[in-house]
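To start, the structure under review is shown below, and the notes come after it.
The shown structure was predicted, so the numbers you read here are calculated from the model rather than taken from an experiment. Chain A is the first sequence line, chain B the second, and so forth, proteins listed ahead of strands; every chain is numbered from 1.
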2 protein chains.
Amino acid sequence: MADEESQPQIRTTSEAWESLFRTQVAVMRRMQQLPEFKKLAMREYDVLFNLSHCPTGWTRLNELNEALLISQPSLSRMVERLEAKGLVQRRTAERDQRGIEIALTEEGRALQQEIGRVHVRHLHEMLAPALSEEEFKQLQFLTEKLRTGIKDR
Amino acid sequence: MADEESQPQIRTTSEAWESLFRTQVAVMRRMQQLPEFKKLAMREYDVLFNLSHCPTGWTRLNELNEALLISQPSLSRMVERLEAKGLVQRRTAERDQRGIEIALTEEGRALQQEIGRVHVRHLHEMLAPALSEEEFKQLQFLTEKLRTGIKDR
DNA sequence: TCAGTTTACATGCTTTTGCATCTACTGACA
DNA sequence: TGTCAGTAGATGCAAAAGCATGTAAACTGA
């Protein structure tokens, strides 16, 4: 009871999660309606965003899939559509002939940056009034710690 | 610069949001695969969950829609399906003949509780190792403050 | 009080999603 | 080195989602 690092109560974890989840829904709902997502659905932007953050530029399809909530077949087809739109390119992985690697095209990178800039600004306008600089940093710290500490399986 | 409650930097807000969002994705991906969501898709459970938290039992469709990320027509049809499964019931709102109110049926409430119990336990197993009791409470505090402080429009 | 606007939900139609399954390749082990 | 389980992604098909629009009720303001 007097431990500094006491094991959390089941109620505490579930309430914290529920609050985090509800907050995510509230923010996403507002963002979905913003004009930057008329050009490209948010899920598709999310793919471009993830690709833009990959150091080598190329990402394995299965790896990308882990950062998204859609199923493997859905991603497979979404990439197909993004390729048809000229936003991403694909190639078979060199070291594994089963695998596919994808990357942004020039056009895809440009679109991601264009949407990204506006998006970040809207996000800031929406969220900044709610917390102080210090509180946002705490929030980032806690969510990162939570994410890296999740028990697998 | 020396303010205790300094306005957050644009970088700080977007990094905090990205971290929160990625954490949500990481948790949701793991949860989606858990056996409790074989019976009922997570989005459908989410509807039952929201209904279970309504004090009067009955909720307006448009009000419920605000707590979800799906579109109004999608919710309309989801409720139709949930009604067909016997999990929810609907009636026209008394004070507004345009409106629909829905509530859980006995069966719906039972199923929500059944899934909810397992779900909360799995959530706890997954998340508890990552943060302390105090940190979860901070996380809850910050996400609640963020949610209530979001600027509308 | 009544024309015009707005709001709440339903519906037609297309696109996207997911499940189950298939194919092709890899890696491990005998 | 050949068999066999496991993995990566594609594909057929049914379910669900979204967009545009329809209908009906509720406000609004001359």
Side-chain angles (χ1 to χ4, degrees), chain A residues 25 28-48 50-51 58-85 87-103 153, chain B residues 25 28-48 50-51 58-85 87-103 153:
Chain A
V25 170
M28 291 298 270
R29 267 197 77 76
R30 285 169 174 78
M31 290 200 312
Q32 272 182 337
Q33 321 202 56
L34 295 177
E36 59 261 34
F37 296 115
K38 294 299 171 203
K39 293 190 177 184
L40 204 64
M42 214 157 48
R43 285 181 174 170
E44 294 179 323
Y45 171 74
D46 204 18
V47 169
L48 300 196
N50 273 281
L51 288 177
W58 294 89
T59 313
R60 281 291 292 267
L61 213 55
N62 58 351
E63 192 181 337
L64 178 60
N65 204 165
E66 281 167 28
L68 305 170
L69 286 178
I70 63 178
S71 68
Q72 175 270 311
S74 297
L75 178 58
S76 193
R77 279 169 174 138
M78 185 184 291
V79 167
E80 198 171 283
R81 293 192 300 271
L82 291 173
E83 189 182 25
K85 287 185 190 173
L87 299 173
V88 307
Q89 49 195 143
R90 47 158 117 205
R91 67 182 189 197
T92 49
E94 287 172 29
R95 314 187 53 175
D96 185 343
Q97 294 293 110
R98 295 168 301 180
I100 296 286
E101 291 174 336
I102 65 175
R153 284 277 107 202
Chain B
V25 169
M28 291 298 269
R29 267 198 76 77
R30 283 168 176 79
M31 290 199 312
Q32 273 182 337
Q33 323 201 56
L34 294 177
E36 58 262 37
F37 296 114
K38 295 299 172 204
K39 292 190 178 185
L40 205 64
M42 214 158 49
R43 286 180 173 170
E44 293 179 323
Y45 171 75
D46 204 18
V47 170
L48 302 196
N50 273 281
L51 288 176
W58 294 89
T59 312
R60 282 290 292 268
L61 213 54
N62 58 351
E63 191 181 338
L64 178 60
N65 204 165
E66 281 166 28
L68 305 170
L69 287 177
I70 63 178
S71 68
Q72 175 269 314
S74 296
L75 178 59
S76 193
R77 281 172 173 134
M78 186 186 289
V79 167
E80 199 171 281
R81 292 192 302 270
L82 290 172
E83 190 182 26
K85 286 185 191 173
L87 300 173
V88 308
Q89 49 194 144
R90 48 158 116 205
R91 67 183 189 197
T92 50
E94 287 173 29
R95 315 187 53 178
D96 184 345
Q97 294 292 110
R98 296 167 303 178
I100 297 287
E101 292 175 336
I102 65 175
R153 285 276 106 203

Inset, instruction - For DNA chain C, find the residues of residues 72-82 of chain B with a heavy-atom distance under 4.0 Å and give them by number; none if there aren't any. - result: B/Q72, B/P73, B/S76, B/R77
Legend entry - Pairwise distance CE(A/M78) to CD(A/E83) - rounded to 0.5 angstrom: 14.5 Å
Inset, instruction - Kindly say whether B/M42 contributes a backbone atom to a donor-acceptor pair with the side chain of B/D46 at under 3.5 angstrom? - result: no
Inset, instruction - Measure the distance from CD1 on B/I102 to C1' on C/dA10 and round it to the nearest whole Å. - result: 15 Å
Legend entry - Bend angle of the helix from C/dT1-D/dA30 to C/dA30-D/dT1, end axes from five pairs each (to 10°): 30°
Inset, instruction - List in chain and number order the residues that pass side-chain hydrogen bond (donor to acceptor under 3.5 Å, both in side chains) with B/Q97, two or more places apart in sequence or in another chain; answer none if no residue qualifies. - result: none
Legend entry - Test item: A/N50 and A/T59 side chains (from C-beta on) under 4.5 Å apart, heavy atoms: no
Inset, instruction - Please list, chain by chain and in numerical order, all residues satisfying side-chain hydrogen bond (donor to acceptor under 3.5 Å, both in side chains) with B/N62, sequence neighbours excluded. - result: none
Below 3.5 Å between N/O atoms, which protein atoms pair up with nucleotides 3-7 of chain C? Just atom names and distances, please.
residue : atom : partner : partner atom : Å
C/dT7   : O4'  : B/R98   : NH1          : 3.4
C/dT7   : O2   : B/R98   : NH1          : 2.8

Legend entry - Span of DNA chain D in contact with chain B (heavy atoms, under 4.0 Å): D/dA16 to D/dA26
Inset, instruction - Measure the CH2-CD1 distance between A/W58 and A/I100 for me, rounded to the nearest 0.5 Å. - result: 10.0 Å
Inset, instruction - State which residues pass salt bridge (Lys or Arg N to Asp or Glu O under 4.0 Å) with A/R98; sequence neighbours excluded, sorted by chain then number. - result: A/D96
Legend entry - Length of the CD-P vector between B/E44 and C/dT17, whole Å: 18 Å
Legend entry - Integer-rounded Å distance: C/dC9 P and B/L68 CG: 13 Å
Inset, instruction - For A/E44, enumerate each residue passing the salt bridge (Lys or Arg N to Asp or Glu O under 4.0 Å) test, keeping only those at least two apart in sequence or located in another chain. - result: A/K85
Inset, instruction - Figure out the CD1/P separation between A/I100 and C/dA24, and round it to whole Å. - result: 14 Å
Legend entry - A/R77: partners by salt bridge (Lys or Arg N to Asp or Glu O under 4.0 Å), with sequence neighbours left out: none
Inset, instruction - For DNA chain C, find the residues of residues 87-96 of chain A with a heavy-atom distance under 4.0 Å and give them by number; none if there aren't any. - result: A/D96
Legend entry - Test item: B/L48 and B/L40 side chains (from C-beta on) under 4.5 Å apart, heavy atoms: yes
Inset, instruction - Rounded to the nearest 0.5 Å, what's the gap from CD on B/E101 to CZ on B/R90? Could you check? - result: 12.5 Å
Inset, instruction - With sequence neighbours excluded, tell me which residues meet salt bridge (Lys or Arg N to Asp or Glu O under 4.0 Å) with B/R29. - result: none
I'd like a table of donor-acceptor pairs (distance under 3.5 Å, sequence neighbours excluded) in which one partner is a side-chain atom from residues 63-76 of chain B, with atom names and distances.
residue : atom : partner : partner atom : Å
B/N65   : OD1  : B/Q72   : N            : 3.4
B/N65   : ND2  : B/I70   : O            : 3.0
B/S71   : OG   : B/S74   : N            : 3.4
B/S71   : OG   : B/S74   : OG           : 2.9

Inset, instruction - Round to a whole Å and report the spacing from CZ of B/R29 to P of C/dT17. - result: 14 Å
Legend entry - Closest non-hydrogen atom pair between B/F37 and B/M31, with its separation: CD1-O, 3.3 Å
Legend entry - Closest non-hydrogen atom pair between B/R60 and B/G99, with its separation: NH2-CA, 3.4 Å
Legend entry - Upstream residue (5' side of DNA chain C) when A/Q97 and A/L69 are each assigned their closest nucleotide: A/L69
